[in-house]
2 protein chains.
Amino acid sequence: MTISVKLQRKETTTINSNFHKLKPEKKELIINAAIKEFVRNGFDKASTNEIVKEAKISKGSLFNYFNNKKDLYVFLIDHGIHVIEKHLYEKIDLDETDLFKRIEKIGWQKLHIHSKYPHVFDFLASSIQEESPEVKDIIKQKVDPVYERGTEIIFKHIDYSKFREGIDIEKAIEILNWTMFGFGDKAIKQINTFEDIGEFGDQYLKEWELYSEILKNSFYK
Amino acid sequence: MTISVKLQRKETTTINSNFHKLKPEKKELIINAAIKEFVRNGFDKASTNEIVKEAKISKGSLFNYFNNKKDLYVFLIDHGIHVIEKHLYEKIDLDETDLFKRIEKIGWQKLHIHSKYPHVFDFLASSIQEESPEVKDIIKQKVDPVYERGTEIIFKHIDYSKFREGIDIEKAIEILNWTMFGFGDKAIKQINTFEDIGEFGDQYLKEWELYSEILKNSFYK
DNA sequence: ACGCCATTGACCACACTGGTCATTTCATGC
DNA sequence: GCATGAAATGACCAGTGTGGTCAATGGCGT
């Protein structure tokens with residue numbers, strides 16, 4: 001006689017492959033609608049009714065594509081991670097050793113990601129605060145490493161010898177970071193007033209250089 | 001014969017005065033619990049059940065103190081505005097013309113406000129994003145002017161002649177602002193690990209000066 | 001004209017909502 | 001120790017919104 005004990009349930013968050021058969025535009029519509037709702041309300045209070053309304057599909061379809069709310073959420077996490085890995089981290093040019101130029105290029109990439117998936121960054125950032133026990137552990141397991149890898153790769157091979165003597169480089173980078181986020185927020189609020197993302201990008205870059213110059217003046221020799 | 005038309009309903013958001021008879025500590029407990037819930041979920045989705053649980057009072061009491069959810073919300077807005085006016089704006093020393101010193105003092109005041117009402121700033125800031133038609137107009141009417149007055153008074157009588165030639169003062173102030181917010185967030189996350197707010201305040205001030213010096217080095221002649 | 005499967009939305013049991021109010025608890029004066 | 005009024009309670013209510021289901025429908029390829 002054997003006693004079998006299920007110590008750990010196997011994760012069976014298999015996405016119903018029907019979803020992947022959809023047209024890319026429709027997939028994006030659903031993804032963006034769902035992310036938007038989860039960002040606004042968190043896992044528990046996000047409403048699947050709101051998601052299907054925004055995505056212009058029926059309730060039945062949503063639960064055809066995904067087994068349940070949790071599977072949808074986990075899929076979105078995976079999707080967000082994939083986007084950031086593929087379209088941000090992998091495109092970082094490690095030969096660019098100047099911190100400001102590196103940051104500038106990253107900002108440019110973020111802008112492009114934003115135009116396709118407007119809330120991925122917000123989503124992953126807010127997911128870390130998620131408290132619902134149903135998804136909390138999975139998030140920690142999946143999202144934390146992405147941020148760790150991010151802060152590592154972003155500053156890899158940067159030439160710190162350009163910095164003034166005596167300056168606290170860590171604090172300088174924090175200031176740069178906060179300024180980027182602040183400027184990024186401001187930019188995103190303006191982005192909707194433009195039709196052409198390229199045109200916006202140009203102006204955006206030009207304005208960022210002005211902020212950049214002010215900080216460079218302080219940080220560099 | 002006269003025809004009387006009610007063009008505009010008189011605002012009758014009179015707070016049931018029972019609330020003001022309570023012991024100050026109990027009042028603060030209720031205020032903080034309610035603010036916390038409204039910050040987390042917005043007006044519509046905030047739960048009065050959660051508020052009474054957190055405030056350790058009964059449902060009946062809450063609706064004895066306040067006629068309804070909306071009155072509670074409006075009271076909290078008024079309260080928040082009062083706190084900021086009384087404990088922040090009125091304490092700004094207009095004889096201090098150095099921008100960095102002025103900012104430093106304001107940070108100090110904010111720290112004290114935070115220790116008594118941990119979420120007032122978040123509350124008023126997030127209230128502006130509120131979309132519920134039941135309170136949207138009232139907020140715009142009450143909160144917007146506070147922020148306008150704030151940005152005006154904070155920079156009143158500042159000596160801009162200390163700034164380097166050619167620097168874009170507006171952008172410099174934006175950077176300073178973003179850095180303050182970033183540092184403030186970081187500080188608040190650490191504040192709970194300290195018992196004594198005075199001790200924390202000292203360390204906080206000392207660390208802020210390091211950031212401050214970096215920016216001063218860039219902004220000033 | 002048929003078969004097949006993606007799509008639909010009415011429907012379900014249930015959780016939770018803002019608000020009420022009969023009842024209990026408490027503080028006070030005697 | 002008792003009477004009295006005020007303050008506090010929480011079971012209760014009708015209504016709304018929830019995640020998820022599934023019989024019915026629609027539309028496309030042949």
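Note that the coordinates shown come from a computational prediction; the quantities given were computed from them, not determined experimentally. Just so it is clear: chains get the letters A, B, ... in the order the sequence lines come, proteins before strands, and each one is counted from 1.
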Colleague: Collect all protein-nucleotide pairs involving nucleotides 22-25 of chain C in which both atoms are nitrogen or oxygen and the distance is under 3.5 Å.
Modeller:
none

Colleague: For K69(A), does the NZ atom sit with more than 12 other heavy atoms under 6.0 Å from it, leaving out its own atoms?
Modeller: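 Correct, the count exceeds 12.
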
Colleague: Is the closest side-chain donor-acceptor distance between Y204(A) and Q190(A) under 3.5 Å?
Modeller: no

Colleague: Does the distance from a Lys or Arg side-chain N to an Asp or Glu carboxylate O, for R149(A) and E85(A), drop under 4.0 Å?
Modeller: yes

Colleague: For N64(A) and dT8(C), give me the distance from atom CG to atom C1', rounded to whole Å.
Modeller: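 Taking CG of N64(A) and C1' of dT8(C), I get 11 Å after rounding.
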
Colleague: Could you tell me the separation between the CG atom of L210(A) and the CG atom of L215(A), rounded to the nearest 0.5 Å?
Modeller: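 Reported to 0.5 Å precision, the distance equals 11.5 Å.
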
Colleague: Starting at atom OH of Y73(B), determine the distance to atom C1' of dT17(C), rounded to an integer number of angstrom.
Modeller: 18 Å

Colleague: Please work out if K26(A) contacts a base, only the sugar-phosphate, or nothing of the nucleic acid, heavy-atom cut-off 4.0 Å.
Modeller: sugar-phosphate

Colleague: Roughly how many Å is it from CD1 in I57(A) to P in dT8(C), rounded to a whole number?
Modeller: 7 Å

Colleague: Nearest whole Å is fine: how far is dC16(C) P from N41(B) CG?
Modeller: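 Rounding to the nearest Å, CG of N41(B) and P of dC16(C) are 13 Å apart.
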
Colleague: Take atom NZ of K53(A) and atom C1' of dT7(C), then tell me their distance rounded to the nearest Å.
Modeller: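 Atom NZ in K53(A) sits about 19 Å away from atom C1' in dT7(C).
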
Colleague: In plain terms, say whether K53(B) and E50(B) are close enough for a salt bridge, that is, a side-chain N and a carboxylate O under 4.0 Å apart.
Modeller: yes

Colleague: For residues F66(B) and Y73(B), establish whether the separation of their ring centroids is below 6.0 Å.
Modeller: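 Ring centres of Y73(B) and F66(B) not closer than 6.0 Å.
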
Colleague: Does a side-chain N-to-carboxylate-O contact under 4.0 Å join E28(A) and K116(A)?
Modeller: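 Result for this pair is yes, salt bridge flagged.
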
Colleague: Could you run through nucleotides 16-30 of chain D and give me one letter per nucleotide, 5' to 3': B if any protein heavy atom sits under 4.0 Å from the base, S if only the sugar-phosphate is that close, - if neither?
Modeller: --SBBBB--------

Colleague: Is there a side-chain polar atom (N or O) of Y65(A) under 4.0 Å from OP1 or OP2 of dT7(C)?
Modeller: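 Yes, such a contact exists.
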
Colleague: Please enumerate all residues that pass side-chain contact (heavy atoms from CB on, under 4.5 Å) together with K105(B), with sequence neighbours excluded.
Modeller: D93(B), E96(B)

